[in-house]
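A short write-up of the structure that comes next.
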Amino acid sequence: MRLSRSLGTAIWILISFFSITNTTPALAEDHLVTHLAGVSFKVADLEKARQFYTGILGLEEAFDLKDSNGVVQSIFFKVNDDQYLEFSSGAPEKFQLEHLSFLSPDLKKSAAILSKEGIIAGKITRSGDGNLFFTIKDPDQVEIDFVEYMPGSQQVEHRGKSNGNAVSDHLQHVGLAPSDNAATLAFYRDKLGFQQFSVINSINNHVMLPNSSGDAIELMTTLSDPVLVRQHISFEVPDIHRAYNQLRARGLQVSAEPFPAKVGHWMWNLRDPNGIRIEFSGEAVAAPQQEK
């Protein structure tokens with residue numbers, strides 16, 4: 001399944017014009033943000049999420065976190081060695097985005113660099129999965145966790161264990177719903193040092209993590225759309241019609257089909273049982289052959 005990573009990165013290069021502007025040199029050059037480590041959602045029905053992400057998408061339910069009474073508080077699904085989806089119960093409506101996670105190899109150095117940019121990081125703390133992290137917030141108060149995977153943590157213990165049933169092994173981007181597009185773009189680009197790039201025919205802003213193999217954040221600019229409509233997660237797949245047929249064979253009932261998007265590659269959208277929009281980004285759309 002590693003094909004989807006290299007192919008997906010190539011797709012974004014083919015359809016994108018990169019314009020790197022005002023990057024923070026230390027974050028970019030010192031490799032202090034390496035990957036989109038994951039995203040966490042609170043959902044209305046945790047059991048339905050479990051059934052969907054394992055039974056339909058084929059992701060491994062890697063581990064869960066329990067409270068002192070042994071009650072499950074959150075479930076982690078493995079996308080690849082660096083990326084996990086986390087779900088917990090208790091959303092007031094369908095779902096609620098709780099936080100993004102970025103992988104850092106040196107939390108103290110990352111926090112020091114952010115401080116120079118006027119961003120005060122929270123205290124470095126050990127989480128229930130055994131990793132160290134600190135938290136900052138973007139202009140919309142979206143929580144961003146900088147995470148360092150530690151020896152003995154759940155993620156490290158699961159490293160190298162592949163899951164051949166997963167329809168995708170790359171969470172390529174997370175879509176956010178900023179209330180002020182300019183302020184949010186400036187935060188991710190100028191403060192965090194992410195690389196802004198343009199996708200052909202897209203009205204949205206995109207920023208790519210530095211040195212991250214294509215992991216990105218999409219800032220959905222259509223403010224008239226509700227937040228829960230704009231927020232989404234996007235997986236890369238090497239063959240979108242194969243992915244579509246796989247999920248249909250696993251019992252997914254969906255009316256929408258893959259389509260050749262204006263941005264130059266195949267796309268497919270569906271919603272999970274809690275209403276989270278899932279986007280699949282596939283191969284480039286073949287150019288029509290001209291008659292000889």
Side-chain angles (χ1 to χ4, degrees), residues 4 8 11-12 15-16 35-45 48-49 52-53 56-57 59 77 79-80 83-88 91-102 138 140-144 166-179 181 184-185 188 194 197 199 201-209 212 214-237 240 243-244 247 252 254-282:
S4 65
I11 290 172
W12 279 81
I15 67 172
S16 305
H35 288 284
L36 173 63
V39 59
S40 175
F41 291 99
K42 186 174 288 187
V43 295
D45 194 319
K48 285 185 177 180
F52 177 82
Y53 285 92
I56 301 297
L57 295 194
L59 300 181
F77 300 93
V79 181
N80 58 58
Q83 295 183 317
Y84 285 78
L85 301 178
E86 179 186 10
F87 295 91
S88 59
E93 48 182 322
K94 296 179 179 179
F95 71 91
Q96 178 181 336
L97 191 153
E98 291 201 288
H99 64 261
L100 308 176
S101 297
F102 299 140
D138 78 2
D140 282 292
Q141 300 303 298
V142 172
E143 184 177 302
I144 300 170
V167 71
S168 171
D169 70 349
H170 188 200
L171 177 65
Q172 196 278 329
H173 73 261
V174 174
L176 300 182
S179 59
N181 290 309
T184 304
L185 176 60
Y188 285 96
F194 291 8
F197 64 98
V199 176
N201 296 321
S202 176
I203 63 173
N204 300 315
N205 293 315
H206 302 77
V207 288
M208 184 173 289
L209 280 67
S212 69
D215 299 350
I217 302 295
E218 182 177 11
L219 306 178
M220 307 297 289
T221 60
T222 308
L223 301 182
S224 57
D225 288 337
V227 168
L228 296 188
V229 171
R230 290 184 282 159
Q231 290 175 339
H232 67 276
I233 55 178
S234 180
F235 293 101
E236 284 186 338
V237 292
I240 204 161
Y244 172 78
L247 299 191
L252 178 67
V254 61
S255 57
E257 297 182 357
F259 63 95
K262 292 181 179 179
V263 296
H265 60 112
W266 285 91
M267 293 180 66
W268 179 37
N269 288 283
L270 58 89
R271 291 192 180 273
D272 79 359
N274 289 290
I276 300 171
R277 179 163 71 88
I278 300 175
E279 175 184 282
F280 290 94
S281 176

Lys94: partners by side chain to side chain contact (heavy atoms under 4.5 Å, CB included), with sequence neighbours left out: none
side-chain contact (heavy atoms from CB on, under 4.5 Å) between Leu100 and Leu176, worked out: CA-CA 10 Å; Leu100 308 176; Leu176 300 182; 4.1 Å; yes
Asn274 (side chain) donor-acceptor with Asp45 (main chain) under 3.5 angstrom: yes
Short side-chain to backbone donor-acceptor contact, Thr222 and Ser224, under 3.5 Å: no
All ring pair (Phe, Tyr, Trp, His ring centres under 6.0 Å) counterparts of Trp266, not counting sequence neighbours: His241
Taking every non-hydrogen atom, the tightest pair across Leu59 and Ser168: CD2-O, 4.0 Å
Exercise: identify the closest heavy-atom pair between Ala256 and Tyr244: O-CE1, 3.7 Å
Side chain to side chain contact (heavy atoms under 4.5 Å, CB included) partners of Asn205, counting only residues at least two apart: Asn181, Leu185, Gln196, Leu219, Thr221
Heavy-atom side-chain contact between Phe102 and Ile217 under 4.5 Å: yes
Within-4.5 Å side-chain heavy-atom neighbours: His173 and Met208: no
By side-chain hydrogen bond (donor to acceptor under 3.5 Å, both in side chains) - contacts of Glu86 (at least two apart): Ser40, Ser74
From CG (Leu171) to CG (Asn80), nearest 0.5 Å: 8.5 Å
All side-chain hydrogen bond (donor to acceptor under 3.5 Å, both in side chains) counterparts of Asn269, not counting sequence neighbours: Arg277
Donor-acceptor contact below 3.5 Å, side chain Gln172 vs main chain Gly214: yes
Parallel, tilted or perpendicular: rings of Phe41 and Phe95 (30°, 60°): perpendicular
Nearest heavy atoms of Ser281 and Ser234, plus distance in Å: CB-OG, 4.2 Å
Check against side-chain contact (heavy atoms from CB on, under 4.5 Å), Asp215 and His170: CA-CA 9 Å; Asp215 299 350; His170 188 200; 2.6 Å; yes
Ser88 and Glu98 side chains, donor-acceptor separation under 3.5 Å: yes
Minimum side-chain heavy-atom gap Ile276-Leu97 below 4.5 Å: no
Exercise: identify the closest heavy-atom pair between Leu36 and Ala216: CD2-O, 4.1 Å
Side chain to side chain contact (heavy atoms under 4.5 Å, CB included) partners for Ala261, two or more places apart: Phe259, Val263, Met267
Sequence-distant partners of Tyr53, ring pair (Phe, Tyr, Trp, His ring centres under 6.0 Å), two or more places apart: Phe77, Phe87
Side-chain touch His232/Met220, heavy atoms, less than 4.5 angstrom: yes
Check against side-chain contact (heavy atoms from CB on, under 4.5 Å), Val43 and Lys48: CA-CA 9 Å; Val43 295; Lys48 285 185 177 180; over 6 Å; no
Check: Phe280 and Val167 side chains under 4.5 Å, non-hydrogen atoms: yes
Validation row: Trp268, Val254 side chains within 4.5 angstrom (heavy atoms): yes
Phe197 to Val207 - nearest heavy-atom pair and separation: CE2-C, 4.0 Å
Partners meeting side-chain hydrogen bond (donor to acceptor under 3.5 Å, both in side chains) with Arg230 (sequence neighbours left out): none
Asp140: side chain to side chain contact (heavy atoms under 4.5 Å, CB included) partners, not counting sequence neighbours: Asp138, Val142, Pro178, Ser179, Thr184
Heavy-atom side-chain proximity of Asp169 to Phe235 below 4.5 angstrom: no
Side-chain touch Glu93/Leu228, heavy atoms, less than 4.5 angstrom: yes
